[in-house]
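Heads up, the thing below is written out as structure tokens.
The structure presented is a predicted model; accordingly, all values stated were derived computationally and were not measured.
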Amino acid sequence: MLFAMEMPEPEAPPRAARKSPAAAPPKSELDPADEGGPPTQTDRRSYEPSGAEAIERILADLTEAQREAVVHTDGALLILAGPGSGKTRVVTRRAAHLALTVADARQILAITFTNKAAREMGARIDALGVAHGMTVSTFHAFCAALLRRYADRAGIPRNFTIFDRDDRRSLLKAAIEACGFANSGYTPASAEQEISALKSKMISPVRLREQSGDWRAQMLLPIYEQYEASLAQMGGLDFDDLLLRVADLLESDDDLRSRLEERYRYVLVDEYQDTNACQYKIARLLTRQRGNLCATGDPDQSIYGWRGADIGNILSFERDYPQAKVVRLEQNYRSTKRILALADHLIAGNLRRKAKTLWTENETGATVRVLEFETAQEEAAAVAGDIARQIRAGARADGMAVFYRVNSLSRVIEDELRAAGIPYQIARGVEFYGRKEIKDALAYLRVLVNPADQVSLVRIINTPSRGIGTTTIERLIAAARTKQACVLDALNDTDLVGSLGRSAAKLHEFAALLRKLAAALEMPPRSAVEHVISHSGLRALYSESRDAEDSPAANLDELISAAAAFEDTHPESKLLDWLEHAALVSDVDAVEEDSRKVTLMTLHAAKGLEFDSVHLIGMENGLLPFRREDGGHSRCDIEEERRLCFVGITRAKKRLTLSLARYRMMRGGAVRTTRSPFLDGLPPELIECPASQADSRSADRPVDRGRLPRDIEHWMVGTLVRHPNHGLGQVTDIERGPSRTHVRVRFRDGLTRAYALEFSDLQRVEFDEVGE
DNA sequence: AATATTCCCGTTTTT
DNA sequence: CGGGAATATT
């Protein structure tokens with residue numbers, strides 16, 4: 001979400017964003033002192049009295065350190081803010097202070113990582129009454145707006161669309177096939193990961209080719225090139241491109257850069273510890289002349305290393321900006337002494353950090369509970385039971401949260417909360433946009449905006465089914481390619497379509513449909529979405545399942561509501577703006593405040609939030625810290641995992657419960673777990689570990705929890721097995737890998753089939769059972 | 001060409 | 001277990 005986002009005119013930039021009275025933004029209703037509108041460089045003097053009063057109010061109730069950061073104006077500033085240290089308060093006050101003293105609000109740019117954070121920061125600055133005209137946005141949204149505005153300079157089409165993860169993967173799938181790497185070990189997912197990593201380090205295909213050392217990277221090169229070519233051809237930008245293109249643009253276009261520097265004289269980057277190379281560069285380039293970069297963050301909360309974030313950016317801030325003032329905010333206003341001490345104890349295990357002293361004047365608080373259960377179900381039931389008890393005791397459901405390392409852990413918790421009748425919400429904004437019916441609707445809209453978007457076009461050309469099959473689609477694409485046209489143009493080419501035989505009539509019909517739908521382009525988002533859903537046939541296609549709560553039809557309605565909500569907050573917006581917004585939602589954007597619901601989310605999504613009571617589940621080795629098998633070696637950035645745990649713990653204000661299960665169902669089978677090393681050696685005075693729920697009962701508990709790990713080591717060539725579909729068979733080949741055992745089995749039907757033992761439905765059979 | 005079925009696969013976090 | 005893709009069926 002962004003406030004004023006107009007970029008300077010390329011032709012005649014205002015030298016110093018001065019407002020004419022007509023252009024002045026509406027004044028805040030929240031600030032009675034702000035009679036004459038926000039002060040600017042030209043008229044500030046005449047409003048000195050109210051300004052001074054406002055400044056006083058902004059500086060009131062701040063600690064010494066906080067005040068130092070707030071009143072700092074020019075030059076680089078690093079705010080090292082521990083969890084719960086009032087960072088947002090400092091940042092918002094500082095922005096307001098700048099706007100009251102040295103800058104016009106329009107000259108301030110604040111960048112966050114999520115829309116939710118931007119929204120909140122904007123609202124809080126707004127409440128101080130001086131923010132109108134300030135730009136508060138996420139990195140990605142800011143870059144998208146910039147690229148849209150200066151598309152010609154960036155060399156991209158103005159109507160580019162943002163390709164999400166699924167789009168990238170479908171492009172990559174095609175690219176891998178086109179390169180003949182179908183069985184090379186590259187999957188769309190792995191290629192996506194690697195290409196994304198390269199892009200976030202600003203390594204283009206050209207640069208990759210130059211650094212010819214890495215064999216595996218060279219292998220990727222043709223896929224990467226093909227992928228980039230497809231993106232370019234379809235007018236698509238992926239998430240990484242949004243940042244990358246802006247970084248390149250700012251570097252190559254001095255004129256634009258200096259104009260933007262003139263426009264945004266004060267730049268604030270929140271969560272600086274999570275910036276990657278592109279974001280670092282953007283921040284640096286935007287502040288090249290004045291150096292007015294204020295970075296805030298906490299190295300101990302850097303949790304996006306896997307996404308290319310470089311904790312080194314914040315650790316070496318003082319080297320990059322030698323004149324930088326550094327303010328440390330170490331007093332915590334959020335958590336109890338015990339919770340904070342536990343967090344502090346945990347994070348002290350990391351080496352790569354700036355040591356800091358977290359302290360609080362808050363009460364000692366209850367001990368942190370560490371609970372061990374036999375199964376994940378029991379753990380979940382206990383969490384639900386505890387939450388129910390708190391609610392009965394008068395606690396608000398929205399003051400409570402359940403965190404987990406991986407999304408898959410939410411399911412058991414959901415089941416138990418539902419069974420207990422406890423209302424909950426899950427931070428999963430993105431999932432909604434991943435549903436089939438939603439993607440279908442968005443695909444229609446995207447094709448209207450950007451006819452070159454072949455991924456979307458292929459998706460909708462036969463949805464709802466209109467008798468256009470895969471062969472027809474392939475021929476159409478091929479024809480378009482030979483004509484050097486995009487598929488939509490080909491579709492509108494009567495001669496070309498006519499040459500496609502019997503399907504021609506249907507293709508004509510589809511082309512006519514798109515022309516009809518194109519009316520949506522001129523409409524505001526809500527009407528556009530409604531128009532397309534009802535006239536595309538999607539409404540009819542999905543109308544059958546009307547009744548169900550979570551039905552496709554209901555989701556389509558929700559999509560319309562989402563567009564309507566956007567329209568409310570962005571009155572002048574067009575379809576394109578909403579599509580862009582929709583492409584950039586994050587999971588945490590979906591969490592409601594004051595929802596009266598318990599919130600379930602991943603540890604990553606939890607950053608920046610706080611709750612009275614927190615349950616952190618799945619405190620198990622391999623889960624938290626998460627460890628992943630990777631070519632024979634398990635890979636794990638233990639320090640980042642520890643930071644993640646630190647983030648989770650420090651979200652809790654009053655109550656914290658850490659729990660684990662001795663057995664956890666992982667894709668069908670029960671897996672035995674061990675305790676997380678993060679639970680080892682915690683100071684006894686901080687925690688309480690009630691008698692383990694696990695040990696006492698495990699002895700007499702019948703083994704009834706599905707398949708337990710097999711005696712894999714005893715399998716050999718000749719072992720007799722049974723498969724639910726194929727019956728009896730005999731192992732003919734066995735190959736033991738680091739993470740899996742592959743076997744070949746010859747069955748009675750004479751066929752030999754291969755299985756990964758751990759995932760297969762094979763059962764071992766003893767000789768005496770074979771008789772049948 | 002559309003639908004039903006089987007099979008095979010993977011395992012994180014996300015703008 | 002659960003989703004997506006290949007394959008079988010009409």
Atom-pair distance (CD on A:Glu192; P on B:dT15), nearest Å: 13 Å
Presence of A:Asn276 side-chain N/O under 4.0 Å of B:dT15 phosphate oxygens OP1/OP2: no
Sugar-phosphate, base or nothing in reach of A:Phe139, heavy atoms under 4.0 Å: nothing
Minimum-distance nucleotide (side-chain atoms of A:Thr472 versus B:dA1, B:dT12, B:dT14): B:dA1
Atom-to-atom span, CD of A:Glu414 to P of C:dC1 - whole angstrom: 17 Å
Ion pair A:Glu639/A:Arg353, N-O distance below 4.0 Å: no
NZ/NE/NH1/NH2 to OD/OE distance under 4.0 Å, A:Asp248 and A:Arg245: no
Closest non-hydrogen atom pair, A:Phe646 against A:Asp300: CD2-O, 3.6 Å
N-O pairing of A:Arg662 and A:Glu378 below 4.0 Å: no
A:Trp306-B:dT12 aromatic stacking (under 5.5 Å, under 30°): no
Phosphate OP1/OP2 of B:dT15: any A:Ser586 side-chain N/O under 4.0 Å: yes
SB check A:Asp240 A:Arg168 (cutoff 4.0 Å): yes
A:Glu620 CD to B:dT12 P, straight-line distance once rounded to whole Å: 16 Å
Sugar-phosphate only, base, or nothing, as touched by A:Thr187 at under 4.0 Å among non-hydrogen atoms: nothing
Protein-nucleotides 2-4 of chain B N/O pairs closer than 3.5 Å?
{"residue": "B:dA2", "atom": "OP2", "partner": "A:Asn462", "partner atom": "ND2", "Å": "3.4"}

Distance test, side-chain N/O of A:Thr602 to OP1/OP2 of B:dT14, below 4.0 Å: yes
Touch class at under 4.0 angstrom, heavy-atom based, for A:Asp240 against every strand present: nothing
A:Val588 or A:Val406, whichever maps to the more 5' nucleotide of DNA chain B: A:Val406
Atom-pair distance (CZ on A:Arg664; C1' on C:dC1), nearest Å: 15 Å
Atom-pair distance (CD on A:Glu640; C1' on B:dT14), nearest Å: 12 Å
Nearest listed nucleotide, side chain of A:Phe626, among B:dT15, B:dT12, C:dG2: B:dT12
Ion pair A:Arg446/A:Asp167, N-O distance below 4.0 Å: yes
Whole angstrom value for the distance that separates P of B:dT12 from CG of A:Asp587: 15 Å
Whole-Å C1' distance, B:dT12 and C:dA5: 23 Å
A:Ser408 side-chain N/O to C:dC1 phosphate OP1/OP2 under 4.0 Å: no
Aromatic ring pairing A:His581/A:His570, orientation class (parallel under 30°, perpendicular over 60°, tilted between): tilted
A:Arg466/A:Glu509 ion pair, N-O < 4.0 Å: no
